[in-house]
Protein chains: 2
Amino acid sequence: MNMHKKSCLVQRLSHYTDLDETSLDSIARFEREEKDVSKNEEIYQEGDHNIHLYVVKRGWLYSYADLKDGRRQIVEIHHPGDIIGFPDIAFTERTTVLKAAEDARLCPFPKKDLDEVFKASPQLAALLFALAVRNQVIMIDFLRAIGRMSARERIAYFLLDMQARLRVTNKVTPGIFRLPLNQTEISDVLGLTNVYVSRSFTALERDGLISRSNGTVEILEEERMKQICDFSDRHTKLDTTWFPGAYATAG
Amino acid sequence: MNMHKKSCLVQRLSHYTDLDETSLDSIARFEREEKDVSKNEEIYQEGDHNIHLYVVKRGWLYSYADLKDGRRQIVEIHHPGDIIGFPDIAFTERTTVLKAAEDARLCPFPKKDLDEVFKASPQLAALLFALAVRNQVIMIDFLRAIGRMSARERIAYFLLDMQARLRVTNKVTPGIFRLPLNQTEISDVLGLTNVYVSRSFTALERDGLISRSNGTVEILEEERMKQICDFSDRHTKLDTTWFPGAYATAG
DNA sequence: CGGGTCGTTGACCGTGATCAAGTAACGTGG
DNA sequence: CCACGTTACTTGATCACGGTCAACGACCCG
């Protein structure tokens, strides 16, 4: 009852720059419609015609890519406040499958709405651009993890990354967070198997770096964890000095 | 003597949409300055202050990320016509190292130039945005390869990807191209070792899928290669129908 | 109580890493 | 012109990380 005066998208975007009126109007348009999806539902498939983007209001979702023989790779995890679908706007068809990791609520909006943003709201355009390219850096980090880290290091990396993401919107209890993904899903994120995810989790727990209970994880030794996987947080800071208009925090 | 009436950046960007005058002016500003770099030179380091982007005029380069213990992951390979540095514009510091794989020529331009683009040239802004998010899809494919493919499949994927990239600008002899990277570098792209890259290359050659001589590779059996790694080309087509203005090829 | 999902643990195996030696191509200086 | 160093690629032997297969227990829900 007390929330919703500020949507989580506005909240997220305001974190990076002061939004002008035009920007706020555009964002409001993004969130006109709402759609509930239930756990394990697949919202779209690879190859589907691609006309909408989605704002996540509630729940975790993820995007994955399949190989023919059943192997799959989860390539992005979507949290409340995320916009889903940017990677695909350059194409007419979906390149991944979007699946709900738990019950969730989405706001679909047509990608054609973006042309208005580019014409009328350079500030928001620049911000979305910045977020899109920031995502690329996040994927670069991720690639480094998958390509060059051991199983143990990957798990550490994964947990720290989830934590850093969640910290942007929720200022909840530090170090502890809900993880609504099963180990098979985590293995598909990290390029491992569910069995080895289990073993690595157990090992990290045995060494006192983390602890688990139910669907939540607590990071006990953040510094040691960061050392393990050479982690750097890409989520909290954003350089907005090059943004057009008077809204840049040019300091 | 005969080229340079159209820069390779204009050539590349024109491939996707008809550029208006404002866009062409902006692009011209990107290419005012030139700088030659020699093989193995590192143009910037991780952590360097980050004020420029670069247009590649000539030669191959790559961006890599290090782990403390010397392991490294090459995260992007840059060809003539590419713009280098978009991922970093959301940050004040470099997140990767840029290194020249061979002698090359770059056009540095300040990222502050982008604000003009967002204010005055919505078309170019949209195109750059589209290319940035397209890059994300390319990285998703890549992630799938690193995370879930065998060494043999990864090599196949890598060669097809290089070929698809080069085809956008150069319409040269199909199936054959120069590959100015050594096997250690390729191993750092694919998350393997130089030894196993050598073995996999030899195996592909033995099976008649490719052939090599000097620094060039020929893809003999493109279809079988594509099957091996479930390849799809992300480089030739781009959806521009949502672009602002009358320039969209809305067909 | 019975079926389903999920995590854990054990035994075994294979892909690809590691270590090391050898070869070929190339440029340099004697 | 040949000795020499360097770099790149290849090939062999061995090893280990993580995959595979399978069984089992915990929990949940009908």
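Since this is a predicted model, take the numbers as computed values, not measurements. Side chains are part of it too, since the values below use all heavy atoms of this structure and drop only hydrogens, waters and symmetry mates. Residue numbers begin at 1 in each chain, while the letters A, B, ... track the order of the sequences.
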A.B. asks: Given atom CZ of A:Arg152 and atom C1' of D:dA16, what is their separation to the nearest angstrom?
C.D. replies: 16 Å
A.B. asks: In terms of the angle between their ring planes, are A:His79 and A:Trp60 parallel, tilted or perpendicular, with boundaries placed at 30° and 60°?
C.D. replies: perpendicular
A.B. asks: Please give, in whole Å, the distance from D:dG19 P to A:Arg199 CZ?
C.D. replies: 10 Å
A.B. asks: A:Ser63 and side chain to side chain donor-acceptor pair (under 3.5 Å): which partner among A:Arg94, A:Glu76, A:His78, A:Lys99?
C.D. replies: A:His78
A.B. asks: Taking 4.0 angstrom as the limit, do A:Lys57 and A:Glu31 come out as a salt bridge?
C.D. replies: yes
A.B. asks: Can you list the residues that meet the ring-ring contact (aromatic ring centres under 6.0 Å, His included) rule with A:Phe177, with sequence neighbours excluded?
C.D. replies: none
A.B. asks: Tell me the interatomic distance from B:Lys39, atom NZ, to D:dT7, atom P, rounded to whole angstroms.
C.D. replies: 11 Å
A.B. asks: With distance as the sole test, does B:Arg72 use its side chain to make a donor-acceptor pair with the main-chain N or O of B:Tyr64 at under 3.5 Å?
C.D. replies: no
A.B. asks: Answer yes or no: is there a donor N or O on one side and an acceptor on the other, between the side chain of A:Asp82 and the main chain of A:Ile84, under 3.5 Å?
C.D. replies: no
A.B. asks: Would you kindly give the CE-to-P distance between B:Met149 and C:dT15, to the nearest whole Å?
C.D. replies: 17 Å
A.B. asks: Do other residues, nucleotides or ligands put more than 12 heavy atoms under 6.0 Å from B:Asn214 CG?
C.D. replies: no
A.B. asks: Between D:dG18, C:dT15, D:dT11, which nucleotide has the shortest distance from any of its atoms to the side chain of B:Tyr196?
C.D. replies: C:dT15
A.B. asks: Indicate yes or no for a side-chain donor-acceptor contact from A:Arg154 to the backbone of A:Leu190 under 3.5 Å, with no hydrogens or angles considered.
C.D. replies: yes
A.B. asks: In whole angstrom, what separates A:Arg206's CZ from C:dT8's P?
C.D. replies: 13 Å
A.B. asks: Can a side chain N or O of A:Arg71 be found less than 4.0 Å away from OP1 or OP2 on D:dG19?
C.D. replies: no
A.B. asks: Could a donor-acceptor pair under 3.5 angstrom be found where the side chain of A:Arg212 meets the base of C:dG7?
C.D. replies: no
A.B. asks: Round to the nearest Å and state the distance from B:Glu153 atom CD to C:dT15 atom P.
C.D. replies: 12 Å
A.B. asks: Is any NZ, NE, NH1 or NH2 atom of the basic residue among B:Asp36 and B:Arg58 found under 4.0 Å from an Asp or Glu carboxylate oxygen of the other?
C.D. replies: yes
A.B. asks: Nearest whole Å is fine: how far is D:dT10 C1' from B:Leu204 CG?
C.D. replies: 16 Å
A.B. asks: Collect all protein-nucleotide pairs involving nucleotides 25-30 of chain D in which both atoms are nitrogen or oxygen and the distance is under 3.5 Å.
C.D. replies:
none

A.B. asks: Check the distance between D:dT7's P and B:Asn214's CG and give it to me in whole angstrom.
C.D. replies: 19 Å
A.B. asks: Is any side-chain nitrogen or oxygen of A:Ser198 closer than 4.0 Å to OP1 or OP2 of C:dT8?
C.D. replies: yes
A.B. asks: Is any N or O donor-acceptor pair between the side chain of A:Arg154 and the base of D:dG18 shorter than 3.5 Å?
C.D. replies: no
A.B. asks: Would you jot down, in residue-number order, the residues of residues 177-195 of chain B having a non-hydrogen atom under 4.0 Å from DNA chain D?
C.D. replies: B:Asn182, B:Gln183, B:Val195
